[in-house]
Every structure is written in C-alpha cells, then in structure tokens.
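Below: one structure in structure tokens.
One-based numbering along the sequence shown.
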Amino acid sequence: YRGEGILPGSPRHVWECIKPVAGGLRTKWDQNVKDFEVIEALSDTVSVCRTTTPSAFMRIISPREFVDVVVMKQYEDGTMLSAATNVEHPLCPPRPDFVRGFNYPCGCLCIPVPGEPDKTQLLTFFQTDLGGYLPQTVVDSFFPSSISGFYSNLTKAVKALK
C-alpha cells in the first residue's frame with residue numbers, strides 16, 4: 001500500500017511525530033502503534049525494533065508485534081527517510097499474547113515542499129503480512145481505512161506541535 005499527502009507542518013515537525021525512536025510521539029497519536037521499543041541499536045541510524053499494535057477492526061484483528069531492522073537517513077535536500085524490514089533477533093522471541101506479523105520493505109519519506117517551509121510531502125509505503133489466520137478480505141478492508149486514519153491523526157499531531 002502507498003499513501004501520499006501534503007501535511008501542514010515543516011519537515012522537522014512531521015519527522016518529530018513519525019521518527020521511529022523509543023519514547024517518541026508515534027505511540028501518542030498513531031492508533032495502530034501501542035508500543036515501540038529499541039531491542040538493539042546497531043549505530044546512530046540503524047536499530048532493531050519491536051512495534052506492538054492493539055487489537056483492531058472491532059477486535060477481529062488480535063494484537064500484533066513486528067520486529068524490524070530500521071534505518072533512518074537525512075538527505076542534503078532535507079528529505080528524511082525511515083525504512084524498515086522484518087528481521088529475527090535472539091533478544092526478541094515471539095510473545096504468546098501477540099500474533100507475530102511480518103513487514104516487507106516499507107517506510108516513510110518526509111519531503112520538503114519547495115518554497116513552502118511549513119508544508120511537507122509525506123510518502124508512505126506499507127507491505128505487511130499481519131500473520132495469523134485472517135481472511136484476505138479482512139486485511140484488504142482494514143488497510144485503506146488504517147492509512148487514511150494515519151494521515152488524519154498525523155495531521156492533528158503536527159498541528160499540536162506548533
């Protein structure tokens with residue numbers, strides 16, 4: 001799935017809301033992120049992380065956990081990138097109260113809008129296998145509304161930073 005939108009905030013403010021760091025703002029505004037923890041920091045920009053989600057879609061979708069290697073990068077033009085993909089890690093075995101999901105390569109790009117310092121183009125790419133025994137129709141109906149909610153809630157979070 002791909003999402004794209006122009007958000008009413010500087011790239012720095014949008015990045016502050018979405019950057020994948022422990023104790024970050026994402027767990028406060030993103031209804032699909034219950035907890036985010038760094039399992040191992042491999043460098044200043046690369047880490048192994050676990051993200052947990054609450055149950056969703058009227059509890060049809062059980063809580064999930066995802067373990068990913070995450071890279072963050074800032075480019076010369078001010079674009080900020082967060083990219084991730086699934087990884088297994090010995091310090092992060094599956095937990096019995098969560099279904100282990102699987103992220104294929106995915107990420108977010110915060111792109112400055114030329115001449116508009118208080119606007120940011122946000123591109124998001126999601127390729128997620130939620131795991132478990134969900135019918136594909138449930139998955140297909142969940143993701144579009146989830147992405148729409150992501151952009152709506154992120155917009156509110158960015159406005160609250162001002």
### Message
Return the CG to CD distance between Asn153 and Gln31, rounded to the nearest 0.5 Å.
### Response
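One finds 5.0 Å between CG of Asn153 and CD of Gln31.
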
### Query
How close do Thr120 and Gly9 get, heavy atom to heavy atom, and via which atoms?
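That would be OG1-O, 2.6 Å.
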
#### Entry: Transitive ILVMFWY side-chain link Leu91 to Phe36, under 4.5 Å
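Not linked; separate clusters.
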
### Message
Within the structure provided, determine whether Leu7 and Leu154 are in side-chain contact (heavy-atom separation under 4.5 Å).
### Response
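Yes - at least one pair of side-chain heavy atoms lies under 4.5 Å apart.
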
### Query
Can you check whether Ser82 reaches Trp15 side chain to side chain, under 4.5 Å on heavy atoms?
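Yes - at least one pair of side-chain heavy atoms lies under 4.5 Å apart.
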
### Query
Would a hydrophobic clustering, with Ile, Leu, Val, Met, Phe, Trp and Tyr connected at side-chain separations under 4.5 Å, put Leu122 with Val33?
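No, Leu122 does not connect to Val33 through the hydrophobic network.
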
### Query
Using links of under 4.5 Å between side-chain heavy atoms of ILVMFWY residues, direct or through other members, which residues join Val113 in one cluster?
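Other cluster members: Ile6.
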
Show the atom names and distances, to 0.1 Å, of all donor-acceptor pairs under 3.5 Å that link a side chain in residues 125-133 to residues at least two apart or in another chain.
unit_1	atom_1	unit_2	atom_2	d
Gln127	NE2	Pro105	O	2.8
Thr128	OG1	Asn103	OD1	2.8
Asp129	OD1	Gly131	N	2.8

### Task
Measure the shortest side-chain to side-chain distance between Thr85 and Val69 over non-hydrogen atoms and say whether it is less than 4.5 angstrom.
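Thr85 reaches Val69 side chain to side chain.
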
### Query
With sequence neighbours excluded, what pairs up with Lys19 under the side chain to side chain donor-acceptor pair (under 3.5 Å) test?
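By the side chain to side chain donor-acceptor pair (under 3.5 Å) rule, Lys19 matches Glu16.
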
### Over 12 non-hydrogen atoms of neighbours within 6.0 angstrom of CZ in Arg12
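It does not: Arg12 CZ has 12 such atoms or fewer within range.
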
### Query
Considering residues at least two apart in sequence or located in another chain, which fulfil the side chain to side chain contact (heavy atoms under 4.5 Å, CB included) criterion with Pro144?
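Result, side chain to side chain contact (heavy atoms under 4.5 Å, CB included) vs Pro144: Tyr1.
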
### Query
Closest approach of Ala41 and Ser47, non-hydrogen atoms and distance?
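Here Ala41 and Ser47 meet closest at CA-CB, 4.0 Å.
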
#### Entry: Side chains of Lys73 and Met80 in contact at under 4.5 Å (non-hydrogen atoms)
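In short, these two side chains do not touch, never coming nearer than 4.5 Å.
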
### Query
Is a side-chain donor or acceptor of Arg100 paired with a backbone partner of Val67 at a separation under 3.5 angstrom?
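Looks like no, no N/O pair under 3.5 Å.
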
### Query
Side-chain contact, heavy-atom cut-off 4.5 Å: Phe150 with Trp29?
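When only atoms from C-beta onward are counted, Trp29 and Phe150 do touch, with a gap below 4.5 Å.
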
### Query
Are Val71 and Val48 in one and the same hydrophobic cluster, where Ile, Leu, Val, Met, Phe, Trp and Tyr link if side-chain heavy atoms are under 4.5 Å apart?
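Same cluster: Val71 reaches Val48 through Ile, Leu, Val, Met, Phe, Trp or Tyr contacts under 4.5 Å.
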
### Message
Do Val21 and Val38 make a side-chain contact, defined as non-hydrogen atoms from C-beta onward lying under 4.5 Å apart?
### Response
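No; the side chains remain at least 4.5 Å from each other.
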
### Close side-chain approach of Ile18 to Cys108, heavy-atom, < 4.5 Å
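In contact.
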
### Query
Quick one: side chain to side chain contact (heavy atoms under 4.5 Å, CB included) partners of Thr79, sequence neighbours excluded?
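Thr79 satisfies side chain to side chain contact (heavy atoms under 4.5 Å, CB included) with Tyr75, Asp77, Leu109, Ile111, Pro112 only.
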
### Message
Could you tell me if the side chain of Glu65 sits less than 4.5 Å from the side chain of Pro94, heavy atoms only?
### Response
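Yes - at least one pair of side-chain heavy atoms lies under 4.5 Å apart.
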
### Message
Grouping I, L, V, M, F, W and Y whenever their side-chain heavy atoms are under 4.5 Å apart, do Phe66 and Val70 come out in a common cluster?
### Response
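Phe66 and Val70: separate clusters.
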
### Query
How far apart are the closest heavy atoms of Leu161 and His13, and which atoms are they?
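The pair with the smallest heavy-atom distance is CD1-O, 3.5 Å.
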
### Task
Tell me who clusters with Phe102, hydrophobic residues only, linked when side chains sit under 4.5 Å apart either directly or through other members.
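Via sub-4.5 Å side-chain contacts, Phe102 links to Tyr104.
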
### Query
If we ignore angles and hydrogens, is there a donor and acceptor under 3.5 Å between the side chains of Thr52 and Asp35?
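Checked: Thr52/Asp35 side chains show no N/O donor-acceptor pair below 3.5 Å.
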
### Query
Where do Gly101 and Asn86 come nearest, in terms of heavy atoms and distance?
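Taking Gly101 first and Asn86 second, the nearest heavy atoms are O-OD1, 4.1 Å.
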
